[in-house]
Number of protein chains: 2
Amino acid sequence: MTGSRVSEKTSGIRDVAALAGVSPTTVSHVLNQTPHTRVSEETAARVRAAAEELGYRPNRLARGLRTQASDMIGLLTEEIATTPHAGRIILGAQEEASRRNLTLAIINSELHPDPEMDESQIQAFLDRQADGIIYATVYHDVIEAPENLLMRPAALIGARDTAGSIPAVLPDERGGAASVVDMLVARGHRRIGFAASADDVPATRGRLQGYLDGMARAGLSTDGLIVEGGSDARGGYRATLALLEREPTAVFCYNDRMAMGAYRAAADRGLQIPSDLSVVGFDDQAPLPESLFPALTTVALPHYEMGAWAVAALADLIQGTRDGQPRAADPEVLECPLIERDSVAPPRRRAAA
Amino acid sequence: MTGSRVSEKTSGIRDVAALAGVSPTTVSHVLNQTPHTRVSEETAARVRAAAEELGYRPNRLARGLRTQASDMIGLLTEEIATTPHAGRIILGAQEEASRRNLTLAIINSELHPDPEMDESQIQAFLDRQADGIIYATVYHDVIEAPENLLMRPAALIGARDTAGSIPAVLPDERGGAASVVDMLVARGHRRIGFAASADDVPATRGRLQGYLDGMARAGLSTDGLIVEGGSDARGGYRATLALLEREPTAVFCYNDRMAMGAYRAAADRGLQIPSDLSVVGFDDQAPLPESLFPALTTVALPHYEMGAWAVAALADLIQGTRDGQPRAADPEVLECPLIERDSVAPPRRRAAA
DNA sequence: CTGAAAGCGCTTACAG
DNA sequence: CTGAAAGCGCTTACAG
């Protein structure tokens, strides 16, 4: 029975007040449940009925102007277009924002940005009184935060800032890579090759380091088992071909695209995956892993979780700021979970120790 | 020399007025270049200098409250997460919004949504006085627009509404598919198989229809050349295997994932792509096409363009609404461009007519 | 328990 | 050419 009428003009707090026979002040109090304010249950009921009757929705703009809180946060993403699945960062951020009754505004920034560009994008959020700003980057480790980012509470995704004053969340590339080796070792592999990336990005170093960690704690040699290549299918193809000379029983690729090349290399050499050769990727970049024969075992990046974490941290920061209790900014490192599919099996023959 | 000071408190229009020795009214007029208002160049210069000096930025919230225009538009996307590359819809929408000095807020909706859910998401935009709302769907053809979507100017991406009252933009799946056949025919192919999808979505029908169009205008028979399969790599594999019985010289797959299966099927039969068999996909779903050997010729969906178009249409509509001139809502159909890579070659032998 | 008044930071008739 | 005043729709001390 709620307003199926097509209300011409949206009604304001004054309309509700008039209909309920009280002042706007009282309407505000009951609808917001203002603390330390007692309103008789009878009056409150009348107000609620009137609000319902009129389909009253408080104007958030007006409220924001008065309370100096827009309840909006801005997400500045670096090149959402080219990033594998960065849409999930947005999704995580948006859903967490909704949970907290916050609106998420987004602006995309170019890759390799002109710092002044970024500042002007941030300014756009500032102009709209964003309560806080999230800066999501890819391919970076530590960045110099744009100057005006510090004018409001902020959070970083995918990088730390040089000053270390902004809460940041990062994927645990290193740990994820190490867990791949652990799993491979547990399956009986001893000669595990790594098709590394030649790109100069933090992920390159982190994943290589994780591979090294895993091999080291299993007491395994990596001698001749690391080959560098381009980070695409072609690079993975070449790297795997080179690796195959060393007769590994498994090859762990820097990313899924390289793993795709590894499949091709295996086919060229007449090797079956996973019976003759196990292959593992990284990124869980849909739709690749599921489209391969057999489906690729890989490691996922916690995009959704990073987006959600950043919003949560920012919201807490904003609360803290309001209460005058700024929070510490320890970089949060989120797990990169191993996604097991069908490209790993025990080695065909026991490898000699 | 602009404000390298860390301004404690952000300054308002009153501060500028005081510094320039004029009234807030005058400041507003010169900064907004209000039409039909002449301010002496001398005064104007003083105002601009003062604004610059103080790093004054108008509070958009306050302005919005006064002008009844938030300059914000809402984008409600259906399941951005699972859609191949729908991030580009957001990108296109955001960039067009920035060009028009509009802010884009986004909310994601579940797939197969509870209509009431959608209404409450839209309500969130309405509460924030969004000037307009874009509703982006996938996998639909015509939808029943959520009731409250009509309360403000709106635009649809990927679907038309039953009433036909909302501007809508759609990809020309049919034309894109037809252009694939045209190209194949121009290269000399006559026996062109189609690995169709069994999914019941508009894209299925559109692409099949386009294939049929192309074959018809080339006067080619499709007898036994259409095989239906699941819309993933496995489905493409099976469909292609079946198709190969009919000795086609080219197979056109419903999407890139199926094309991936086609590559596998060709390999199983000892067929080289493109010399023995040409393969074409649809979607240009990164990173698949570039990761295949050889790189896959396919058709791209105009995600970016649809996002940008919707914002432009909406902005015009809002303008029109303000000027009391509502626009007509003809569905806009955007081209799906053919992306030629390396998976197509002339047929090895002249096929008998 | 309830309300009158001020004010958030702007813009905009209107007057001079 | 310039400014005083009202008002957008709320919330919040403060008073009663």
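First the proteins, then the strands, lettered A, B, ... as listed; each starts at 1. Values below: every heavy atom of this structure, side chains too, minus hydrogens, waters and symmetry copies.
Shown here are the side-chain hydrogen bond (donor to acceptor under 3.5 Å, both in side chains) partners of A:Arg99, two or more places apart in sequence or in another chain: A:Glu96, A:Tyr304.
Residues A:Ser40 and A:Thr43 have side chains that bring a donor and an acceptor to within less than 3.5 angstrom of each other.
Between B:Gln68 and the phosphate of D:dG9, there is a side-chain N or O to OP1/OP2 separation shorter than 4.0 Å. A sub-4.0 Å separation between OP1 or OP2 of C:dG3 and a side-chain N or O of A:Thr26 is present. Applying the 4.0 Å criterion to OP1 and OP2 of D:dC1, one finds that B:Thr43 has every side-chain N and O outside that range.
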### Query
With the sugar-phosphate defined as primed atoms, P, OP1 and OP2, and the base as all remaining atoms, what B/S/- string results for nucleotides 10-16 of chain C, 5' to 3', for protein heavy atoms under 4.0 Å?
BBBB---
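Helical stems in DNA chain C, defined as runs of 3 or more consecutive Watson-Crick or G-U wobble pairs with donor-acceptor distances under 3.5 Å: C:1-3 with D:14-16, C:5-12 with D:5-12, C:14-16 with D:1-3.
A salt bridge is absent between B:Arg46 and B:Glu53: the closest approach of a Lys/Arg side-chain nitrogen to an acidic carboxylate oxygen does not fall below 4.0 angstrom. Using a 4.0 Å cut-off between charged side-chain N and carboxylate O, B:Asp127 and A:Arg57 make a salt bridge. A:Asp71 and A:Arg60 are joined by a salt bridge, as a carboxylate oxygen and a charged side-chain nitrogen come within less than 4.0 angstrom of each other.
Here C:dG3 is the nucleotide among C:dG3, C:dG9, D:dG3 with the atom lying nearest to any side-chain atom of A:Val22.
Regarding A:Leu61, its CG atom lies at a distance of 12 Å from the C1' atom of C:dC8, rounded to whole Å.
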### Task
List the steps and the verdict of side-chain hydrogen bond (donor to acceptor under 3.5 Å, both in side chains) for B:Tyr135 and B:Asp161.
CA-CA 11 Å; B:Tyr135 189 45; B:Asp161 70 310; over 6 Å; no
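Among all heavy-atom pairs drawn from B:Ala17 and B:Ser23, the shortest one is CB-C, 3.7 Å.
Proximity of a side-chain donor or acceptor of A:Ser70 to a complementary backbone N or O of A:Gly64 within less than 3.5 Å is not detected.
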